[in-house]
Amino acid sequence: MNTPKRAAFFRAEGVLVSRGVLAATAYYAANAHKFGERALRLGLVALSAPLQGLLGQNDRTLANRLAFLAARRMSEDRLAELGEEYAEDILKDKILDRGVELIKRARAEGHRIVLLSDNISEVMEPLLPHLPKIDDLVCNRLEIVDGEATGKLLDPVVGSHGDGRWAQGYADRQGIDLRACTAYGSHGTDLLLLAAVGKPCAVNPDFTLRRSAREADWPVIEYQE
Amino acid sequence: MRLSIRESYAGKHVLLTGASGFLGKVWLTQMLHNDSGTGKFYILLRRKATRPAAARFERIVNTSPCFKPLHEKHGRDLARFLSERIEVVDGDISLPGLGLDPETSARLGRDIDLVVNCAGLVDFDPDLRDALTTNVDGTIHVADFVEGCEKAALLHISTCYVAGTRNGRNGEVLVPDYAPNGEAFDAAAELASARVRIAEIEAEFETQEKADEITAEAKAQLVKRGRSPDNAKLVATLVRRIKRDTLKNAMIEEGQERAQRWGWTNIYTYSKSLAESVLAPRTERLRFSLLRPAIVESALAYPFPGWNQGFNTCGPLSYMLGGWLRELPLRKGIPFDIVPVDYVGNGMTIAGAALLNGQHEQVYQCGTSDKNPLAIDRACDLTALAHRKHLRRKGDTVVDRLILARWDGVEAEIDHTLSVPNLRKVTKGVAKVMRDLPSRWPKMVHRGAKKVADKVDKIDDNLDTIERLIDLYLPFIYENHFIFSTDNLLKYDVVEEAFRFDPTALDWRTYWINVHIPGLRKWCYPLFEGRTPEQYRPRHKFVLDGENAPAETPAAAPAHGGSR
């Protein structure tokens, strides 16, 4: 069978799962090795929360970077174990059924499924077995030095306006025609991604995306947990 | 250097001592399971009271989970398979000539190509007499036997920690008359001096003065327990027990003093190093290699992931971290040289093959600190994560699931506020206050205070045990920075994949969280709690046949020596 020459891009947060990055970073912070660390890290997450709200409508690069500072100096082992735990115990139950249906439908239509997530690989990879088959997962990666996270997200940070450019590059590499592709986004950050494909769709959009979707006459889907 | 295990062992006969121990069993079954091609294994086992060696072997095969892969592979045919490849020999390494009868000794002397001496007492601080008998005399007897053989070589299992309290990189060399503190040392003189001292201590316990002292102690204990000190039978029983225990303690103390004087961490490493020193002068007349494993722990894959046996190094430490002890003295960055038992089994196989081929080195070290080090603080973090994983889902109580699961054990300095000695100061203080309440206070209050004091005493007893355990492990987790070179094992390009030794392939996170700690939880923690670990019952019971079958009339036999 030939590889499908069409792809469907899904933003995980808001389209497929109802929990964002902050919930994951708060989980990491609350389960750090020592009690003192936990308090400090939770403080950092609390500080980054308003920024997520303010910047989340637009480019979330800075907000994501700040949120994952809470994982600074956390061991690679703990990141992996807690990520697995968070995916299994919390995120799995926050998977949106309608989002899963959208993936299945896209697959049935012969699309290659690409999942973009602001979250880190330690959280998203353990979630994959609970989702329909995903061909490519694109998520953030923490820089690890000597077995510990530096707190820095490696470039390119997913959740920025660069996602649209990334989708273009991806399409070029895979020989995919973006005009035949679908994208499902939920935040203002996804504007360029949605604009890059032939069939954009706003799912549970935030204020910025809702306004743009209305102006561009993109379909809007609303659903909840 | 190319090395084929099957070619090396093809048709060769091996005598194995210590086959009832953790490492011995894994190695033996690994060799059998992976079709090493070995001609015959002669298993030297000592009788135990009424049970002859062959019956002991049958029992081991029928109860040890280590034999599970062989049972599953051969089913009903296991008896035939083993009978063709194994002969169980009644013997005892603590006796000259290995306690073999002359006919067997002569036959083995002609047939054996390789002797693998796995027997050893592995307790950290045992009675000095036992340590010397099993670890030193046993080695001497095995070496003497091998020298008397027509063609046999010797693979002697030692430990990396013979290095003692010597920090840094420890090479694979056999230093005659080695002492870790660098002072001039004469192993033979030390051994002779230790024996003289043992005799002196034993003699001290035979004096009238000591007998009076012990009798007085026994009577005092009886009075304390509310029993009559005039009951001669009771006094005699208690005297025997006190004498035995105090003599043993005196021997342990003597051993510890000797070990520490020369720079060894404990009696075990002291006696194993002495054994190496008694082998060193034999290099001209004896073809031998030493294999020094580091801390041998749960199997990664063979006989199955997580297999472990008995008390070991990680067991008590990780067990403590799974309870209410949260601050363990650990020094960040110290390599914790853990090596899975099946890795060590492969290391033994390689070293044995090299010996059979004449491609051997004098010393092989088998650990991970050189090529894939695991720092002690990482081990602590992984232990906490493994406990967390277990307790969150399978904790016995709500407290386990909600509090212990989220309260990680952490590394701390020795003098940390919540260190065990500091906690003991609190328990002792509380007990004292409860017992010294003013006499004018109501009786009811005194009764309550006494109950509290008794409970606190129990806590203090537990803390005392923990404190002694921590002291035992401090050289490995806090005081010394050991790295053991493993270049000699890694120089061989082993043809058969099943026998390769590759410490770099070990993924510590997966091993620790999914294999090692669950293995300890299943096979070792029950022992700490006075429970029996899960028993193995094969579908088809194994019975030795032919000349291997146990004798009809069991005979009594001396009991000495242990196995790894």
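Source: prediction; values computed, not measured. Order of the sequence lines sets the chain letters (A, B, ...), proteins ahead of strands, with each chain counted from 1.
Only the backbone of A/A32 comes within contact range of chain B, with heavy atoms under 4.5 Å apart. In this structure, chain A has a heavy atom under 4.5 Å from the side chain of B/R392, while its backbone stays farther away. Contacts of A/E88 with chain B are made by side-chain atoms alone, with heavy-atom separations under 4.5 Å and no backbone atom involved. If you measure heavy-atom distances from B/W512 to chain A, you find no contacts under 4.5 Å at all.
Put simply, the side chain of A/E37 does not reach to within 4.5 Å of the side chain of B/V410, judged on heavy atoms.
Interatomic distance, B/D377 CG to A/S75 OG, rounded to the nearest 0.5 Å: 9.5 Å. Interatomic distance, CG of A/D77 versus CG of B/D381, reported as 6.0 Å (0.5 Å rounding). Note that the CD atom of A/E85 and the CG atom of B/L385 stand 8.5 Å from one another [nearest 0.5 Å].
Remark: A/R73 CZ is loosely packed, at most 12 non-hydrogen atoms of other residues, nucleotides or ligands lying under 6.0 Å away. The number of heavy atoms from other shown groups lying within 6.0 Å of NZ (B/K371) is above 12. Enclosure of atom CZ in B/R406 by more than 12 non-hydrogen atoms of other residues, nucleotides or ligands within 6.0 angstrom is indicated.
For A/H33 (side chain) and B/G409 (main-chain N/O), a donor-acceptor pair under 3.5 Å exists by modelled atom type.
The pair A/D146-B/R378 fails the salt-bridge criterion, with no side-chain N (NZ, NE, NH1 or NH2) lying under 4.0 Å from an Asp/Glu carboxylate O. A/E84 and B/K389 are joined by a salt bridge, as a carboxylate oxygen and a charged side-chain nitrogen come within less than 4.0 angstrom of each other.
Across all non-hydrogen atoms, the minimal contact from A/Y27 to B/R388 is OH-NH2, 3.7 Å.
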Evaluate the criterion side-chain contact (heavy atoms from CB on, under 4.5 Å) for residue pair B/D408 and A/K34; output intermediate values, then yes/no. CA-CA 7 Å; B/D408 294 343; A/K34 297 174 185 172; over 6 Å; no
